[in-house]
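These notes concern the structure reproduced below.
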Amino acid sequence: MLDEKINLLGLDRAALEKLFTKIGEQKYRAAQFMKGLYHQYESDFDNYTTFSKILRTRMQEFSTLEVPTIVSKKTSKDGTIKWLLQMREGNAIETVYIPEKKRGTLCISSQIGCSLNCSFCATGAQGFNRHLTTAEIIGQVWVAAHELGQSNKNRRITNVVLMGMGEPLANYKRVLPALKIMLDDFGFGLASRRVTVSTSGMVPLIYQLKEDIDVSLAVSLHAPYDLLRNTLVPLNKKYNIDTLLKACMDYVKDKRKAKITFEYTLIKDINDKPEHARALIKLLAKVPCKINLIPFNPFSGNSYERSLPESIELFQNICEKSRIVTTVRKTRGDDIDAACGQLAGEFLDRTRRSNTIKMKVS
Ligand code: SAH
Ligand code: SF4
């Protein structure tokens, strides 16, 4: 008997099949169970009546079915919704839904805090608390999809981006099964290109991701030169731009129409000059990609400022003169602190040993 019961929410199809086989059941039980959980949003195991009472009782001896609970929900003027979800050990994390004309994007977190300490990021400034479990990662999608009611066409999750708190590739072994559930037809059935992992550049794991699953990749670049990137994304000292771009080229190789999205946060007077834009397009000339410019979102305790609107426009114009499609990310949900880099949650900060609940605000 296991000490801690397994949460069935965190198991992908292969793991569920293994579990059912182990207790002498047929593999198809896994798909049956997933349909109940991800298509019917049934969170009470007693209601899985396709399973006999004996089987349900047996499963409850070693497993549970726990979905995250909602602490609060805020809706922005622009329709963006932010949920604060309760996690174990007194932590809470935020998940954001951004409705657009033809799609609905859910931005989810992969860790509580982050150890990579990028100088412009509020999550990095909090330090690292802990990895989210697979159940907590996929649980964010479950709660949002359940809340939105998948049947209502206007409020559907069509895209999931791992761009909330944390570095998804630093929590690879828990993120991977969650990605598998997102793509699985018995899970959320999302198309590969509509699930995006955003990384600050954990190079070996970019190669690994390509081996393991077909999802879209976004890379947080933020600078065209190593010296500058070292100060913004300290991980660059380990995996420099050249090494990172090689991994990106490899990632899209043999994938028809695949493009890397390069995220570039525009910070006033730091990385937003025309020379940076020119160096950037030169650097990316051979990589199948698009560029997503993110105006920096300020937060307390950080001295960087957002680039001026004219600098952002000029930067975009220079990039667009190349063949690279360049978009500026619209600030959505800033009235409810749901914009990029404003995601906070509440957590017990272990790395800074303050042991107090910290709330991050922009
Ligand atoms: N760790 C991953 C994913 C989470 S961060 C990564 O770094 O890619 C998601 C995106 O938000 C990244 O592109 C990051 O650079 C950006 N971001 C972080 N803080 C920000 C801020 N204060 N203003 C604007 N964008 C920010
Ligand atoms: Fe971590 Fe990404 Fe923030 Fe860097 S930008 S500190 S990798 S969450």
Side-chain angles (χ1 to χ4, degrees), residues 68 70-74 80-98 105-144 160-175 178-179 182 195-202 205 218-220 222 232-235 263 265 294 296-302 329 331-334 336-352 354 357-362:
I70 300 171
V71 180
S72 65
K73 175 183 170 183
K74 286 185 186 164
T80 300
I81 304 171
K82 181 171 83 169
W83 292 275
L84 184 65
L85 304 178
Q86 190 62 54
M87 300 283 135
R88 284 178 293 115
E89 300 156 11
N91 298 309
I93 56 146
E94 290 170 340
T95 299
V96 178
Y97 175 72
I98 307 148
T105 303
L106 190 73
C107 178
I108 63 169
S109 299
S110 55
Q111 297 179 308
I112 301 182
C114 179
S115 65
L116 296 180
N117 208 17
C118 300
S119 59
F120 54 88
C121 174
T123 306
Q126 283 183 320
F128 176 71
N129 180 271
R130 71 167 172 86
H131 294 302
L132 291 182
T133 63
T134 305
E136 290 169 331
I137 299 165
I138 201 67
Q140 297 167 66
V141 187
W142 191 94
V143 167
V160 175
V161 294
L162 280 89
M163 291 183 189
M165 291 169 72
E167 165 54 48
L169 294 188
N171 188 14
Y172 189 74
K173 72 172 189 203
R174 295 170 194 87
V175 165
L179 294 172
M182 287 176 219
V195 174
T196 303
V197 170
S198 175
T199 179
S200 55
M202 300 195 70
L205 290 161
V219 171
S220 294
H222 312 305
L232 297 171
V233 184
L235 185 67
E263 295 160 284
T265 298
I294 314 171
F296 171 69
N297 285 309
F299 56 96
S300 68
N302 184 288
R329 194 175 294 175
T331 301
R332 297 286 305 261
D334 53 348
I336 55 165
D337 287 345
C340 252
Q342 287 183 319
L343 285 196
E346 295 169 15
F347 68 87
L348 290 166
D349 187 343
R350 281 194 201 128
T351 48
R352 301 195 195 282
S354 60
I357 299 261
K358 280 196 168 184
M359 197 52 200
K360 197 189 295 179
V361 278
S362 67

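For clarity, every value in this text was computed on a predicted model and none was experimentally measured.
- Residues satisfying the side chain to side chain donor-acceptor pair (under 3.5 Å) test with S200, not counting sequence neighbours, are E167.
- In this structure the side chain of F296 reaches within 4.5 angstrom of the side chain of N302, judged on heavy atoms.
- Across all their heavy atoms, A125 and F299 have their closest contact at CB-CE1, 4.1 Å.
- Annotation: the span from R88 atom CZ to L132 atom CG amounts to 9.0 Å, rounded to 0.5 Å.
- Closest of all the heavy-atom pairs between N91 and Q86 is O-NE2, 3.1 Å.
- Taken from SG in C114 to CG in N171, the straight-line distance is 10.5 Å, to the nearest 0.5 Å.
- T196 has its side chain out of reach of V160: every pair of non-hydrogen atoms, C-beta onward, lies at least 4.5 Å apart.
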*asked:* Please determine whether side chain to side chain contact (heavy atoms under 4.5 Å, CB included) holds for the pair T95 and L106, giving the CA-CA distance in whole Å, both sets of side-chain angles, and the decisive distance to 0.1 Å.
replied: CA-CA 7 Å; T95 299; L106 190 73; 3.7 Å; yes
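- Residues passing the side chain to side chain contact (heavy atoms under 4.5 Å, CB included) test with T105, sequence neighbours excluded: E100, R103, N159, V161.
- Legend: residues meeting side chain to side chain donor-acceptor pair (under 3.5 Å) with Q111, ordered by chain and number and at least two apart, are H131.
- I137 and A178 get closest at one heavy-atom pair: CG2-CB, 3.7 Å.
- Contact annotation: the side chain of H222 approaches that of F120 to within less than 4.5 Å [non-hydrogen atoms, C-beta and beyond].
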*Could you go through the salt bridge (charged side-chain N to carboxylate O under 4.0 Å, His left out) check for E263 and R329 one step at a time?*
CA-CA 9 Å; E263 295 160 284; R329 194 175 294 175; 3.2 Å; yes
*Apply side chain to side chain contact (heavy atoms under 4.5 Å, CB included) to V96 and Q140, showing your working.*
CA-CA 9 Å; V96 178; Q140 297 167 66; over 6 Å; no
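- Residues passing the side chain to side chain contact (heavy atoms under 4.5 Å, CB included) test with S72, sequence neighbours excluded: L84.
- Considering all non-hydrogen atoms of both residues, S198 and M163 come closest at CB-CG, 3.5 Å.
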*What do the steps show when you test L116 against V233 for side chain to side chain contact (heavy atoms under 4.5 Å, CB included), and what is the final call?*
CA-CA 8 Å; L116 296 180; V233 184; over 6 Å; no
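- Scanning all heavy atoms of the two residues, the minimum distance from P234 to C118 falls at CD-CA, 3.8 Å.
- Atom CE in M182 sits 15.5 Å away from atom CH2 in W142 (nearest 0.5 Å).
- Considering only residues two or more places apart in sequence or on other chains, W83 meets the side chain to side chain donor-acceptor pair (under 3.5 Å) condition with E147.
- S110 pairs by the side chain to side chain donor-acceptor pair (under 3.5 Å) definition with nothing, not counting sequence neighbours.
- Residue T199 comes nearest to M202 through the heavy atom pair OG1-N, 3.3 Å, listed as atom of the first residue, atom of the second, then distance.
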*asked:* Go through it in stages, so that I can follow the logic: the residues are R130 and E136, the test is salt bridge (charged side-chain N to carboxylate O under 4.0 Å, His left out), and I'd like the CA-CA distance, side-chain angles, deciding distance and then a yes or no.
replied: CA-CA 12 Å; R130 71 167 172 86; E136 290 169 331; 2.9 Å; yes
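- Results of the side chain to side chain contact (heavy atoms under 4.5 Å, CB included) test with L232 over C121, S220, S119 single out S119 as the only residue that passes.
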*Decide side chain to side chain contact (heavy atoms under 4.5 Å, CB included) for I93 and I112; before the verdict, give the C-alpha distance in whole Å, the side-chain angles of both, and the deciding distance to 0.1 Å.*
CA-CA 7 Å; I93 56 146; I112 301 182; 3.8 Å; yes
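- Residues E94 and L85 fail the side-chain proximity criterion, which asks for heavy atoms closer than 4.5 Å.
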